[in-house]
Amino acid sequence: MLILKLGGAAITDKHKANTARSDYLRQIAALLAQHRQPLILVHGAGSFGHILAKNYGLAEGYQNPAQIPALAQLQRQLLDLNQAVMAALQEAGLPALAYQPSALCLLESGRIVEFYAEPLRRALTLGLLPVLYGDCVWDRARGFQILSGDQLVVYLANAFQAERAAFGTNVDGVLDSQGLLIPQLSLGDQIGQLESGAADVTGGMAGKLAELATLQTARAQIFNLNRLDQLEAVLTGGGPAGTLIQKPA
Ligand code: IPE
């Protein structure tokens, strides 16, 4: 099974608040339909969530009552993006089924400590395609906390013993300090500067690599989702795409 993240930066217009790249989502969905396989999708928030999350400190947990309406508004924005993703997938003929992470799991200090996986398991058994997303989730220690799609991907890969986890981003993969692609990376390697979007509350590339440290068995890949040939290579397993991440020996 493959756990695939559709990064928010690739599926939304980062310069326009709450704007999905719907045409591009349709092209992504067509490729997913062409290369059907056991799959769980997780999408990011992009221009739908990060700005509100940053303005109200939602990634820092509960601090003041002004955050409460912002939390509610954030969840609605995320549902709006999710609707655009679901529409593209279903129009491509995929039996996609949306799951709201804040209704499925609990965090403690930002980490998933409870996750109700059975509804996903049953959907997968019947050939459906579960779709989750980065969300604002209840946290036992902090009240609530932003859960990144990246943490979800790694959690799901471990929980479902997936063979592969792939992160579609808006860069070619992990880049070195000269901006050149690192084709293979061991999690123990020292890497210099990493890009991280200014309004990204969940840590950009550095956050992804930190999450990957907890990956148990799956092979991981970070690739450019703005390139459909790269997505196709990920889906077919043919040809290199982005950075392949290995566990240290
Ligand atoms: C963010 O999820 C969720 C928020 C509510 C902000 P991600 O961190 O996975 O989203 P992208 O891919 O960076 O946009």
Side-chain angles (χ1 to χ4, degrees), residues 3-21 24-25 28 40-62 67-85 98-105 107 110-112 131-139 142-157 165-171 173-174 194-212 214-215 220-226 231 242:
I3 317 290
L4 175 63
K5 163 110 189 264
L6 305 178
I11 61 167
T12 69
D13 185 338
K14 272 237 163 180
H15 305 291
K16 274 194 225 144
N18 303 327
T19 309
R21 293 177 68 197
Y24 195 59
L25 273 168
I28 291 173
I40 300 177
L41 280 179
V42 175
H43 66 78
S47 69
F48 282 76
H50 285 289
I51 297 166
L52 199 64
K54 195 181 170 80
N55 288 347
Y56 287 90
L58 298 180
E60 278 84 60
Y62 180 70
Q67 290 175 306
I68 297 305
L71 184 157
Q73 203 187 334
L74 174 76
Q75 288 211 344
R76 187 163 60 88
Q77 288 184 4
L78 297 174
L79 281 170
D80 284 346
L81 174 59
N82 180 251
Q83 280 301 305
V85 174
Y99 287 92
Q100 185 175 31
S102 46
L104 280 184
C105 69
L107 309 181
R111 309 304 302 172
I112 298 172
V131 181
L132 295 85
Y133 48 92
D135 197 0
C136 194
V137 174
W138 301 114
D139 186 299
R142 299 178 182 162
F144 54 77
Q145 169 81 49
I146 299 289
L147 168 65
S148 71
D150 298 336
Q151 187 182 154
L152 264 175
V153 167
V154 173
Y155 185 90
L156 293 167
F167 298 81
T169 67
N170 64 340
V171 288
V174 183
L194 293 168
E195 70 60 58
S196 189
D200 188 332
V201 294
T202 47
M205 191 61 81
K208 272 182 190 49
L209 292 173
E211 287 302 338
L212 281 170
T214 60
L215 191 68
Q221 235 168 326
I222 299 178
F223 70 101
N224 193 341
L225 183 61
N226 287 316
L231 175 61

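Remember, it's a predicted structure, so these values are computed and weren't measured experimentally. Both counts, for ligands and for their atoms, begin at 1 and track the order of listing.
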Subject >> Heavy-atom proximity to atom 10 (O) of ligand 1, best of Gly8, Ala45, Gly134 >> reply: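 Closest candidate by heavy-atom distance is Ala45.
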Original post:
Between His50, Lys14, Glu211, which one has a non-hydrogen atom sitting closest to atom 1 (C) of ligand 1?
Top reply: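 Ranked by closest heavy atom to atom 1 (C) of ligand 1, first place is His50.
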Original post:
Quick one: which ligand 1 atoms are inside 4.0 Å of a heavy atom on Gly149?
Top reply: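 Counting from 1, the qualifying ligand atoms are 2 (O), 7 (P), 9 (O).
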Original post:
Atoms of ligand 1 less than 4.0 Å from Gly7 heavy atoms?
Top reply: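 Counting from 1, the qualifying ligand atoms are 12 (O).
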Original post:
Quick check: does Gly46 get an N/O under 3.5 Å from an N/O on ligand 1?
Top reply: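 Right, the criterion is met.
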Do side-chain atoms of [X] reach the backbone of [Y] as a donor and acceptor pair under 3.5 angstrom?
X: Gln221; Y: Gly242; answer: no
X: Tyr62; Y: Ile68; answer: no
X: Thr214; Y: Leu212; answer: no

**OP:** Please state whether the rings of Phe144 and Trp138 are parallel, tilted or perpendicular, taking 30° and 60° as the class boundaries.
**Re:**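 It falls in the perpendicular class, over 60°.
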Original post:
How about Ser47 and Lys16: do any of their side-chain heavy atoms sit closer than 4.5 Å?
Top reply: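 Heavy-atom side-chain distance check fails, nothing below 4.5 Å.
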Original post:
What part of Lys5, side chain from CB on, backbone N/CA/C/O, both or neither, has a heavy atom under 4.0 Å from ligand 1?
Top reply: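 Only the side chain of Lys5 comes within reach of ligand 1.
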